[in-house]
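Reviewing the structure listed below.
Since the model is a prediction, treat every value here as computed from it, not as a measurement. Residue numbering restarts at 1 for every chain, and letters A, B, ... go by the order of the sequence lines.
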Amino acid sequence: MIRRAPRFRFNEFQLLIAPSLLAIVGLLTVFLVPRGDVAWSWADIWVSLAYVALVYGLSLGFGLLGVRGDQVILPLTAMLAGIGLLMAQRLHPSLAARDPLYANLAARQLIYLVLGLGVLGGTTILLRRRRIDWLRRYKYTWLLISLALLAVTFAVAPEINGARLWLTLGPIQVQPSEIVKITLVTFLAGYLEDKRDLVGSSWRLGALHLPPLPYLLPMGLMGAASLAVLVLQNDLGAALLFFGVFLVMLYVASGRLVYVTAGLFAFSIACWGAFRFFARIDVRVRNWLDPWQDPLASGYQQVQSDYALASGGLLGRGLGRGQPYHIPEVQTDFVFSAVGEELGLLGTVGLLALYLLLVMRGFAIGLRARDGFQRLVAVGLSTILGLQTLLIVGGVVRLIPLTGITLPFVSYGGSSLLTNFLIVGLLMVISDGDRPD
Amino acid sequence: MIAYGLWSRGGISDARWLAVLGTGWLLLLVALWPSLPPSLPTFARATVRTAILITTVFVVLTLQLVRIQVVQSEATVGRVATDPVSDEVIANPRVQVADLEARRGRVFDRNGAVLADTLFEGDTARRVYPEPESAYVVGYFSPLLYGKAGLEASYDDELAGVDGTNAILRNVDALLDRPPQGLDIRLTLDAELQREAHRLLRGRPGAAVLLDVETGAVLTLASNPHYDPNALFTAYPDERDAAVAAWDDLIADPTAPLVLRATEGLFTPGSTFKVVTAAAAVDAGFADPDRVYEDDGDLDVGGRVLVEQNRPDESRDEWTLREGMAWSLNVVFAQVGLQLGPEVMREYADRFGFGHAVPFDLPVAESSLETTPGFIDGLPALADTAFGQGELQVTPLQMALVAQTIANGGETMRPYLVDALATQKGDTVRRTDREAWRRPVSEETAAQVGSMMVSAVEEGVAQGAVLDAYTVGGKTGTAETGDAGDPHAWFIGFVGDPGAKPRYAVAVVLEHGGAGLAGSLQVGRDLLAAAMATASVTE
């Protein structure tokens, strides 16, 4: 094994100043506003200081171990996760007062955050130097794991809010569909890369030019799996996400827009059918177009979210000064509205810009990656982050029907947070691998 | 350019907006679609295109955020909706909480007595109304349940500190997280007189309105039955049930205590309307007080016989207009009405403000001459209307304005209840200007009609209204309502020092108060006397 020389990651070091300041100033604001006081104590900022120390420690650790990977995605992630930390701390008192279920919300989020940073660091260091190919070798295992997890969830998960998403493991609940995002992308990347040579070989069925079987097969499989998720688990968000990522990866691997169009067309028809035949989705669509037709029941959440976003205005009410806690599930699905109320349009657009930067950075890593598998993994994982953001924010701002998925890094929730950190870790690994040793 | 186009169409309905946004997105996509050199590997080309696609969707999200958070922000924040199934109302909880946190302005009567106050219990404000007889004029304030009514509603922005104060200071307050400082309101209402009016009404349903003749200031706006706004205010969840019960009682009450009789109650005016008919006849030159009409006990109008019941001397057949007014002779006024014809009648009703929204600080029902258009084109209907029956519908405030107009030389002042707005430190921010609303008749006509009203008090049926020290003019009315039950008892009039211009005008109605004139007339007279007494005390 060749050791790489330690190297100070200067850009990363500089860029990490922003999330550090955000954590310190933001958290201080969150603690001081309810007290109406300007006198602070160390007890108010040890959390922020710990967070700052953690991200800088990670950065220095990367430097010492000679990680040459991208120096922008860690600061972006730290920024997003910092906002998540702020929102959890800010929403905690009002939510804890309302429901004992959330008694440890802020503490839990903090633990997940620390674990997440650990996952990010661990992935980056463990999978360095082509050890990522290990992922490629076991691609069918990933497929099996994905399908098994989905099946198990469907079989044993209790129904919560009309959807079966969570598995209870001792004291914690995990959401298997989160980790399935990564295993599926890994499988697809491996599979599509292996069958790349078949890209030109279309075959005929009568007068029809059909895509090569290796594309047709997973296309059908993915479509079926997504629909199964949609219908059996009642999870429109995950279904859209899986299918969207699949289409993007198919397109990126083949360069054929026609496959994408065909897939999109088929999926639209399926969605339309679901809309017609499943009352729950029908309700979602109606509340998307006009939640005010049922403002006290099914439209309540959306109406409250509209109030929150509108109250924010251009500059927001200020951290801790708004009342986002009127929105049910504000800590997960509607955390974006809470940001909108307290930080205003500047905050929401800034947040979107962070996501866009992260996704674009992921694509750039993909473009520079050393082999086709890593390219596809990088693009696929970045697309996961981007698509997830678009789906949930689009639902919150009522551009599309609301889907119950999390806002990466900001929403409360362990499975989602850890998965997202794992994604960033993998991106780090891929970007690290593109530099000559 | 696309962004600008989308921005400028911000106000449209959701579905259309989505269509516009979708089209704009496609255009944006086409505009940004990169032409990549074919030498580029498939993978790179597809990735760049995907990146562009994702970027455009982020742009669309941003546009939608601009729309929600800026363009439509205010409309959405204040949006209130009713659930179509349960009829429950949903409003922005932030607005309700802001209402509870604001240091809402106080309301004073003209002598500085507190009619509405904001007391703080910790951070939560409690709205209290210490004067039960004046409280309902201020209205109710029930931010968590039923919103606002009365002055609390019409002066909400000023009381809440949203409007009327220095915009810069308001923003500084907001920045420093101080509760907004509402403005205090000083009314023209006199809590003493208001209490006196309620004492005189003795709980009977009806209304009493007392105006300052010169200015149009409202000194009394008594209304029975009424309600206690203290019962509708809630600051804490445990008060909710009591407030809901109080509200349900008010809504279920068949006497409708939430309707302010003085301004929103519509009644048949009865003979008090003869003042308008007489004013029209004199002003349009059809008659003068001494013109003689024949009244021998009955009159055939278009085949219907009208029987006179009010002649004091049944052997006399000829009466002057003045005597007709004094003794409230229906046959005389039926003839005056026929003389005027429907057009002149309509013109003068219009001049007095019938069919117009009275500009006032509280909502006022519109008084009308005829409910069915063209009703008074029929002769019997015209005759009935001339002496105050027919389809006439009036508010007590409107009839008080008629008396005020006659007493004020023919000029109707715009009635007002809010005299001034002041900061909570006491600096006056805005004073209400006294202004004329209409001029129905000439000064001369007003003087002649006024003297006829004085005759009615000094010689005629309204003799009960005589006050020794003052000159009183008045007109009684007994209004048949058409439904079962006693007629409404009316009195309108004015008072002043002898030989001087009248000072106060009054209108009193006792709902189904009976044919005996004593009730309403006494209330009116005593209220006028009380007003003169307080005026002489203050001078």
task: Would you mind checking which part of A/A353 comes under 4.5 Å of any heavy atom in chain B, side chain (CB onward), backbone (N, CA, C, O), both or neither?
output: neither
Passing candidate, side-chain contact (heavy atoms from CB on, under 4.5 Å) with B/L61, options A/L356, A/V396, A/V393: A/V393
- request: Using side chain to side chain donor-acceptor pair (under 3.5 Å) as the criterion, list what pairs up with B/T55, not counting sequence neighbours.
  value: none
query: Side chain, backbone, both or neither: which part of A/V252 has a non-hydrogen atom closer than 4.5 Å to chain B?
result: both
message: At a 4.5 Å cut-off on heavy atoms, which part of A/Y325 comes close to chain B: side chain, backbone, both, or neither?
response: neither
- prompt: How long is the span from the CD atom in B/Q69 to the CG atom in A/D306, to the nearest 0.5 Å?
  reply: 11.0 Å
query: Picking from A/G313, A/G372, A/G366, A/G322, which has the most non-hydrogen pairs under 4.5 angstrom with chain B?
result: A/G313
task: Go through the structure and list residues passing side chain to side chain contact (heavy atoms under 4.5 Å, CB included) with A/A364, not counting sequence neighbours.
output: none
message: Let me confirm one number: the OG-CD1 distance from A/S305 to B/I68, rounded to the nearest 0.5 Å.
response: 7.0 Å
query: Residue by residue, which of residues 344-352 of chain A have a heavy atom closer than 4.5 Å to a heavy atom belonging to chain B?
result: A/G344, A/L345, A/T348, A/V349, A/L352
task: Count the heavy-atom pairs under 4.5 Å between each of B/T42, B/T62, B/T50 and chain A, then report the option with the highest count.
output: B/T50
field: ring-ring contact (aromatic ring centres under 6.0 Å, His included) partners of B/F43, counting only residues at least two apart
entry: none
- request: Enter the distance from A/L399:CG to B/Q64:CD here, rounded to the nearest 0.5 Å.
  value: 4.0 Å
query: Considering only heavy atoms from C-beta outward, does the side chain of A/F336 approach that of B/L65 to under 4.5 Å?
result: yes
statement: To the nearest 0.5 Å, atom OG1 of B/T47 lies from atom CE of A/M360 at 10.5 Å
- request: Kindly compute the distance separating CG (B/L53) from OH (A/Y251), expressed to the nearest 0.5 Å.
  value: 9.0 Å
